[in-house]
Number of protein chains: 2
Amino acid sequence: MSSISCPVAVFTQFSSNKKGQEQNKHKLHCLKFNGTKNSSPQKVDFTSSQYNHITVLSSVNPPENMKPQNRQKIPTKKQQVDPYRQGMIVEGVEYRQTVVVRSYEVDPNKTATIESILNLLQETALSHVWMTGLLSDGFGATHGMMKNNLIWVVLRMRVQVDHYPIWGEVMEIDTWVGASGRNAMRREWALRSKATGLVFARATSTWVMMNQKTRRLSKIPNEVRAEILPLFIDKQAIVEETAEKIQKLDDNALYVVEDLKPRRSDLDMNQHVNNVKYVTWMLEAIPDEFLENHQLSDIILEYRRECRISDVMQSLCEPQEDQNSLSSNRTLEGNRRLESSNRGRFTYTHLLKTKGNPKDEAILKGRTIWKEKL
Amino acid sequence: MSSISCPVAVFTQFSSNKKGQEQNKHKLHCLKFNGTKNSSPQKVDFTSSQYNHITVLSSVNPPENMKPQNRQKIPTKKQQVDPYRQGMIVEGVEYRQTVVVRSYEVDPNKTATIESILNLLQETALSHVWMTGLLSDGFGATHGMMKNNLIWVVLRMRVQVDHYPIWGEVMEIDTWVGASGRNAMRREWALRSKATGLVFARATSTWVMMNQKTRRLSKIPNEVRAEILPLFIDKQAIVEETAEKIQKLDDNALYVVEDLKPRRSDLDMNQHVNNVKYVTWMLEAIPDEFLENHQLSDIILEYRRECRISDVMQSLCEPQEDQNSLSSNRTLEGNRRLESSNRGRFTYTHLLKTKGNPKDEAILKGRTIWKEKL
């Protein structure tokens, strides 16, 4: 499916009700959807190319052991254990995978990067679907979704990191899903030290279905609901208070990085820029001197529309002054008003947007919270 | 160590003999080295920062279970099996690891990218050293190397890919080491399908030691030789004929991509641009329309000097016309001269160089061979 790697939250294609064309705002947990019937002109189908390779291989009649189905061996029935992925089903429907932090997943501090963590979240989510026996040929889509031309798209992701795992460390990643209103799904994760059980990070995300032909968001058809509902549990990795709206920055933002262009190597199996790449661009705007002494502890990503290979983007960010001070004199009188729990915490607001496109230009809005390195 | 991710082949710091200052050409398999004693001014030590995190953690007296040595658990004795890495020693000294191709390691064809393959080569090489009990705190360096301030640097890498593994496929990667002359080491790999044993790819590379303080290449001290010699076997993954010299391109190259700049996220645990990133830049210069119908089957990388974070690079490439034709009319009379084994094979010469630096500007020279997609 396009979903996991394709943060296409095409909000202008939402309709608020069956009358159709009225644009809707993004209201988390109370989304309203069109049905899947839609007579609008077919948009570019970014995902159709993902089967090129398979089709081409088939056309020259490859030997049996080179056919994708015999190489991937996607289960057709629910599995309890996957020895090669070191994955297993726990508590009935949750998925747990043992993962070693690899040498190329760490940064100069020898700790996993936030990008590596996000990649592992994607990987374990897909492995979970893999284990259920529901995975169709698409990228995370179930058989019922494929039949209805539906793919997953991510609207929002939040990751809180208390401790970054280090190179060579063995982690356990748990992931599970639950309902979010009637037509969205939450996907949650917890990352722990395998040795001590200490929780390193927690994450939550919200997903909806999109018709891959019309590019419109879709209700979850009953057929698909019947597939995924048995997986849903009521358990949250992060208990969130009412989400504060992320302010939209403009060109007066304090830090701006210009001319970010997707490269061919940024595209994934859906010919889309992978959502992890967006995070890299978003964080490019944080000043170096700040990064030297601070580490990311909380990131919220709100995906607004997909980034095209031809887009030239800007990454904007600004410290959130009402909450924190970025001055190094945090012990001065002026900062006494800070809650003690906020001491040493710094918030930035982020925007990734296309350049020279005055309308609907936001690709990603974000908020990051940082704490001082010990 | 800086080595595996730090392609610092600082050839101008080679000296041909004990007299010292005469610059040496790069002669593979017959390198001559200075001893490690060196009175030249100390150069910037790129690697010193890699321990910041650890040092800082220690200074605030972290709990025992948060100390890196208790989290990484690097073996102090030779191990036969590593259950978490799914690795084991085979044939006495070779290392074999079972690896599943992850969702974020594939390209729009759903097959592993060359970058992913290179990352896995690095990972399995490090896991091999990990298993030997020789690994010190550095990035692949042995205890003897650390004591002598030595790190590994890669001079050359060659990867031949017959079949690209696909998303979800289970692979076995074998890796081993051998001597290359008296002062260099070969590191070799073979990647196979776990299910069928079919060989997907083979790779070979040449490494030397560098003094991390003086940044000069070093002989292998006897102490270190004694550590690594028992690992050496005489077995080659790729049987190479006499290596053809890679031609150096100039600004008249057919394809040029300008303004390639390392981003912060390109730096790895040695504060260096990771060598895999160089390959991405190198391949950026291949035209899109060629990539649509061809896949990389052979890549040779010759690392010439490190890339600094401030460098602005150009990636140049040019088809090698004397061997192949890039015309789409390959059946025309003029191409009949091609050896049948070369039909459908295309060679490009590559150069990655800094811009506006007339002297010693080559960072990476490369050659790629491509075949038509089936």
Side-chain angles (χ1 to χ4, degrees), chain A residues 4-5 49-50 52-54 56-57 60 62 65-66 68 70-74 84-86 98 100 102-104 106-111 113 115 119 122-123 126 130 139 163 165-170 193-196 198 263-265 267-271 274 276 280 283-284 288 291 373-374, chain B residues 4-5 49-50 52-54 56-57 60 62 65-66 68 70-74 84-86 98 100 102-104 106-111 113 115 119 122-123 126 130 139 163 165-170 193-196 198 263-265 267-271 274 276 280 283-284 288 291 373-374:
Chain A
I4 290 192
S5 61
S49 60
Q50 71 178 289
N52 280 352
H53 179 67
I54 295 166
V56 171
L57 270 178
V60 296
N65 66 7
M66 287 304 282
N70 293 332
R71 299 170 64 182
Q72 290 183 295
K73 296 184 175 162
I74 298 175
Y84 299 128
R85 281 169 190 75
Q86 304 204 80
T98 301
V100 181
R102 294 179 176 170
S103 54
Y104 55 88
V106 301
D107 66 12
N109 292 322
K110 266 192 182 172
T111 57
T113 61
E115 290 92 340
N119 279 332
Q122 171 183 306
E123 180 64 12
L126 278 166
W130 186 283
F139 192 28
H163 307 280
I166 63 177
W167 171 47
E169 189 152 25
V170 184
S193 155
K194 172 95 174 172
T196 67
L198 181 73
R263 295 194 186 133
R264 211 161 45 209
S265 53
L267 300 183
D268 68 11
M269 68 169 111
N270 297 308
Q271 301 272 10
N274 189 283
V276 175
T280 301
L283 297 181
E284 282 288 323
D288 278 330
L291 281 182
K373 285 184 188 168
L374 289 180
Chain B
I4 292 193
S5 59
S49 60
Q50 73 178 286
N52 279 353
H53 180 66
I54 295 166
V56 171
L57 269 179
V60 296
N65 65 7
M66 288 303 283
N70 292 333
R71 298 170 66 182
Q72 290 184 295
K73 294 182 177 163
I74 298 174
Y84 300 128
R85 283 170 190 75
Q86 304 203 81
T98 301
V100 181
R102 293 179 176 171
S103 54
Y104 55 87
V106 300
D107 66 11
N109 294 321
K110 267 191 181 173
T111 57
T113 61
E115 290 91 339
N119 278 332
Q122 170 184 307
E123 180 63 13
L126 278 166
W130 186 284
F139 193 25
H163 309 280
I166 63 176
W167 171 47
E169 189 152 24
V170 184
S193 155
K194 171 97 176 172
T196 66
L198 181 73
R263 294 194 187 132
R264 210 162 44 209
S265 53
L267 300 183
D268 68 10
M269 69 169 108
N270 296 309
Q271 300 272 12
N274 189 283
V276 175
T280 302
L283 297 181
E284 282 288 323
D288 279 329
L291 281 182
K373 285 184 188 169
L374 289 180

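Order of the sequence lines sets the chain letters (A, B, ...), proteins ahead of strands, with each chain counted from 1. Quantities reported herein were computed from a predicted structural model and do not represent experimental measurements. Side-chain atoms are counted along with the backbone in the values below, which use heavy atoms only and exclude waters and symmetry mates.
- Counting heavy atoms from C-beta on, the side chains of A/Gln72 and B/Glu169 never come closer than 4.5 Å.
- Taking B/Glu115 as the reference, B/Thr280 meet the side-chain hydrogen bond (donor to acceptor under 3.5 Å, both in side chains) condition, with sequence neighbours excluded.
- To the nearest 0.5 angstrom, B/Arg102 atom CZ is 9.0 Å from A/Asn119 atom CG.
- Between A/Gln122 and B/Ser103, the shortest heavy-atom contact is NE2-OG, 3.0 Å.
- The distance from atom CZ of B/Arg263 to atom CD of A/Glu284, rounded to the nearest 0.5 Å, is 5.5 Å.
- Of the inter-residue distances, the one linking B/Tyr104 atom OH with A/Leu126 atom CG reads 11.5 Å to the nearest 0.5 angstrom.
- Contacts between A/Leu198 and chain B at a heavy-atom distance below 4.5 Å involve the side chain alone, from C-beta outward.
- Residues passing the salt bridge (charged side-chain N to carboxylate O under 4.0 Å, His left out) test with A/Lys73, sequence neighbours excluded: none.
- In this structure, the portion of B/Leu291 lying under 4.5 Å from any heavy atom of chain A is its side chain and not its backbone.
- Of the atoms belonging to A/Thr113, not a single heavy atom falls under 4.5 Å from chain B.
- Proximity to chain A (any heavy atom under 4.5 Å) is shown, for B/Ser193, by neither the backbone nor the side chain.
- Contact annotation for A/Asn70: neither backbone nor side-chain heavy atoms come within less than 4.5 Å of a heavy atom of chain B.
- Side chains of B/Thr98 and A/Tyr84 form a contact here, defined as non-hydrogen atoms less than 4.5 Å apart.
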